[in-house]
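Heavy-atom basis, side chains included; hydrogens, waters and symmetry copies ignored. Whatever order the structure lists them in is the order used to number ligands and atoms, beginning at 1.
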Amino acid sequence: MNILTTGGAGFIGSHTCVELMKAGHHVIVVDNYVNSQPEALRRVEELGGMPVKSYTADVCDAEAMERIFSENEIDAVIHFAGLKAVGESVHQPLRYYRNNLDSTLTLCETMERHGVKRIVFSSSATVYGVPDEVPLREDMFCKGCTNPYGWTKYMIEKILGGIVEADPEWSVVLLRYFNPIGAHESGRIGENPNGIPNNLMPYITKVAAGQLDHLSVFGNDYATHDGTGVRDYIHVVDLAKGHVDACAYAAQHTGCEIINLGTGIGYSVLDIVNAFEKANGVKVPYVITDRRPGDVDACYADPAKAEALLGWKAERNLEDMCRDAWRWQTMNPNGYKG
Ligand code: UFG
């Protein structure tokens, strides 16, 4: 298939492009590079062994999107593009709602005009809000999100669900990601956040590399086995493969499906620190600090539906995730700048 990936130069997008190409698909990328680098796509081409057609444009730009759909026979879209920093979204809600919703509406209107009716969307476990129980299943009621970023994911799920209700020929797969970490085994592509990382694994790799002094562990009084927050960490290559399977599913079925992509295993912050030190033979100095507002005790998936519908299951373990994250850091101490 010819698959358009919006935000295809980003962390999850770049890894997915490689897996799509390995599965025989042709990839077209649209990215505005606000939080990604063109160099990532150059490396995607190297790893995928074929060229990637790319457009530097904002998905909110209707004319640019019209041109992309006119110039290419697109069979399906994977919609990664969007602003994604939880804390930033609290301070800049309008920017988050405008960008994430506008881009989705523009994309879907363009798809509709061109009769492209298959879309896989990057949703997030954040839509579950504060869970009453874990593991989280797709049919559980979402009681409400804790930040504007989460609400944009929630609203986009509703928008895409509404499109299917109005036109049952559409095929929509809403992938709810848990916590993607790690990097491609080659060390050529990986996570490259702007500035000081917000998320745990990129912070740990920068501490281990001596670029940051120590990790702050946000609270050790949660109701978990060691008091630190528990999450479902998933290797980004496993996550990427889930998108390939979701595209295959979307090509065979119509309707709207919500699917968790997680491992089903919860690890605490200290589990991650210990696993990282053991896998890589490096120290990660840390101090325990206050809780971070909005964080929940534990969040992990029931991944059964992904296996039943897509035949997908995470294959990489925590050691793989820690080793690959560190390889990316050591081979690219300044990210894509070398
Ligand atoms: N943590 C620390 N110190 C840090 C960073 C994180 O202790 O410097 C802890 C957090 O408190 C949490 C865990 O590490 O317990 C994971 O935190 P992350 O920021 O890496 O990830 P979150 O689970 O908070 O959020 C992630 C994504 C969101 C997404 C959410 C879905 O970043 O985009 O998962 O559940 F919405």
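- The minimum heavy-atom distance linking Cys322 with Met201 is given by the pair SG-CE, 4.0 Å.
- The residues lining ligand 1, counting any heavy atom closer than 4.0 Å, are Ser124, Ala125, Thr126, Tyr149, Asn179, Asn198, Asn199, Leu200, Leu215, Ser216, Val217, Phe218, Gly229, Arg231, Tyr233, Val269, Arg292, Asp295.
- Defined by atom type and a distance below 3.5 Å, a donor-acceptor pair is missing between the side-chain atoms of Asn220 and Thr228.
- Residues passing the side chain to side chain contact (heavy atoms under 4.5 Å, CB included) test with Pro93 are Tyr97, Pro148, sequence neighbours excluded.
- Ring centroids of Trp328 and Tyr336 are separated by less than 6.0 Å, placing the two rings close together.
- Aromatic ring pairs are classed by plane angle as parallel below 30°, tilted from 30° to 60° and perpendicular above 60°; the pair His15 and Phe11 is perpendicular.
- A salt bridge links Glu257 with Lys305: at least one charged nitrogen is closer than 4.0 Å to a carboxylate oxygen.
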